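Quick notes on the structure that follows.
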Amino acid sequence: MAGIEVHLAPIGSAVLGAAGVAAIWVVDELPAIGGFAALAYLTASTALLLRALRRRNTARFGWANVVTAIRSAVVAVITGLVAASFVEPIPVPLLIGLTVPALALDAVDGWVARRTRSATELGARFDMEVDAFLLLALSGYVAQMFGPWVLAIGLMRYVFVAAGWVLPWLRLQLPPRYWRKVVTAVQGIALTVAASGILPEFAGVLVGVALALLVESFGRDVVWLAHPGRSRRAELGAS
């Protein structure tokens, strides 16, 4: 029974997300491609989460993960809106109205995990993946205004992960660093401000600063991982 309840939680969140997508697309008459993109994200993210829960034989989903799952459903709608924006203009207030709580909830799930003493490796990874995809979606929208270089914000983490398939030392466990959370928050704020259009004179600079901080953060991690002793241990582990 516990296993069934664990799997029902993310499935229920995905269903609610799909219902929200359907309602918004019908009311606002948005391009169908956006709806398909939102549903594709919900399907893929839920399938990956269920797979991870099964592999770890998780007995309890936890309230922190519930918060992250709700945020993931919101990210699905944002993804759909961004996809639709490549076809025709979208309601920007709706995009910002969804993005702000999605960013704010990023602090809530961690707080809930600490308060309920339910922090897990899977929960942290789930939270990180939702963050990463939200930034990818936002960078896709803002790139239409300032150019393809903005996509580096959303793609950098995925390039880092892909590089780890070739270079095993990039897959080593990194030590916790609060600065990463700060940089992630700055990226979200910068992209949201740029997407809103409220500071057109400074938005490009703000996004540029966010990208520079991200390069610094990833660069510091790569330098730490590239230490000869660490990289050698990773190569021996992969062989």
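The figures that follow rest on heavy atoms only: side chains count, while hydrogens, waters and symmetry mates do not. Worth saying up front: this structure is predicted, and the values here are computed from it rather than measured. All residue numbers in this chain count up from 1 along the given sequence.
The shortest distance between side-chain heavy atoms of Val222 and Trp169 falls below 4.5 Å. The shortest distance between side-chain heavy atoms of Pro10 and Leu53 falls below 4.5 Å. With contacts defined as side-chain heavy-atom distances shorter than 4.5 Å, the pair Ser13/Leu16 does not qualify. Contact annotation: the side chain of Gln187 never approaches that of Val207 to less than 4.5 Å [non-hydrogen atoms, C-beta and beyond]. Side-chain atoms of Val92 and Tyr141, non-hydrogen and from C-beta on, do get closer than 4.5 Å to each other. A 4.5 Å side-chain heavy-atom check between Leu103 and Leu134 finds at least one atom pair inside the cut-off. The closest side-chain heavy-atom distance from Leu213 to Trp179 is below 4.5 Å. Proximity of Thr116 to Trp111: side-chain heavy atoms (C-beta onward) are nowhere separated by under 4.5 Å.
Atoms CG and CZ, from Leu225 and Arg220 in turn, are 13.0 Å apart once rounded to the nearest 0.5 Å. One distance of note links CG of Leu211 with CH2 of Trp149; it measures 6.5 Å at 0.5 Å rounding. To the nearest 0.5 Å, atoms CG (Leu105) and OG (Ser72) are separated by 11.5 Å. Leu138 contributes atom CG, which lies 9.5 Å from atom CD1 of Ile153 (distance to the nearest 0.5 angstrom). Taking CG from Leu170 and CH2 from Trp165, the interatomic distance works out to 13.0 Å, rounded to the nearest 0.5 Å. Distance CG/Leu206 to CG/Leu191: 8.5 Å, rounded to 0.5 Å.
Within a 6.0 Å radius of CD1 in Ile33, other residues, nucleotides and ligands contribute 12 heavy atoms or fewer. The number of heavy-atom neighbours closer than 6.0 Å to CD of Glu88, taken from other residues, nucleotides and ligands shown, is above 12. By the 6.0 Å contact criterion, CZ on Arg54 is enclosed, its count of non-hydrogen atoms from other residues, nucleotides or ligands being greater than 12.
With Trp25 contributing its side chain and Pro31 its backbone, the two residues share a donor-acceptor pair below 3.5 Å. Without hydrogens or angle criteria, Thr68 side chain to Ala64 main chain gives a donor-acceptor distance under 3.5 Å. Between the side chain of Ser85 and the backbone N or O of Val82, at least one donor-acceptor pair lies under 3.5 Å. Of the possible polar contacts, one joining the Thr99 side chain to the Leu95 backbone as a donor-acceptor pair under 3.5 Å is found. In this structure a side-chain-to-backbone donor-acceptor pair under 3.5 Å is missing from Asp127 to Gly123. Using modelled atom types, one side-chain atom of Arg171 and one backbone atom of Gly164 make a donor-acceptor pair closer than 3.5 Å. With hydrogens and angles disregarded, no donor-acceptor distance shorter than 3.5 Å links the side chain of Thr46 to the backbone of Thr43. Proximity of a side-chain donor or acceptor of Thr79 to a complementary backbone N or O of Ala38 within less than 3.5 Å is not detected.
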Assess whether salt bridge (charged side-chain N to carboxylate O under 4.0 Å, His left out) is satisfied between Asp106 and Lys181, documenting all intermediate values.
CA-CA 10 Å; Asp106 186 27; Lys181 295 183 180 294; over 6 Å; no

Working for side-chain contact (heavy atoms from CB on, under 4.5 Å), residues Tyr41 and Phe36
CA-CA 9 Å; Tyr41 167 84; Phe36 289 136; over 6 Å; no

After noting the C-alpha distance and the side-chain angles of Arg125 and Glu121, does the key distance pass the salt bridge (charged side-chain N to carboxylate O under 4.0 Å, His left out) rule?
CA-CA 6 Å; Arg125 180 65 182 272; Glu121 179 188 351; over 6 Å; no

Decide yes or no on side-chain contact (heavy atoms from CB on, under 4.5 Å) for Asp221 and Arg177, but give the supporting numbers first.
CA-CA 10 Å; Asp221 285 343; Arg177 189 153 54 87; 2.5 Å; yes

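Among all heavy-atom pairs drawn from Arg157 and Ala132, the shortest one is CD-CB, 3.8 Å. Nearest approach of Ser217 to Arg180, heavy atoms of both residues: OG-CG, 4.0 Å. Considering every non-hydrogen atom in both Gly140 and Phe86, the closest pair reads O-CZ, 3.6 Å. Taking every heavy atom of both residues into account, Ala137 and Ile78 meet most closely at CB-CG2, 4.5 Å. Closest of all the heavy-atom pairs between Leu49 and Phe126 is CD2-CZ, 3.6 Å. When all heavy atoms of Leu42 and Gly17 are compared, the pair lying nearest together is CD1-C, 3.7 Å.
Between Phe218 and Phe160, the ring planes are tilted. Angles from 30° to 60° get that label.
Put simply, Val66 and Ile11 are part of the same group of oily side chains (I, L, V, M, F, W, Y) that touch within less than 4.5 Å, one to the next. No continuous path of ILVMFWY side-chain contacts below 4.5 Å connects Leu48 to Met128, so the two sit in separate hydrophobic clusters. Taking hydrophobic clusters as Ile, Leu, Val, Met, Phe, Trp and Tyr residues chained together by side-chain heavy-atom distances below 4.5 Å, Phe133 does not share a cluster with Val161. Residues Val183 and Trp224 share a hydrophobic cluster, clusters being chains of Ile/Leu/Val/Met/Phe/Trp/Tyr side chains in contact below 4.5 Å. In the hydrophobic cluster analysis, where Ile, Leu, Val, Met, Phe, Trp and Tyr join through side-chain heavy atoms closer than 4.5 angstrom, Val209 is grouped together with Met145.
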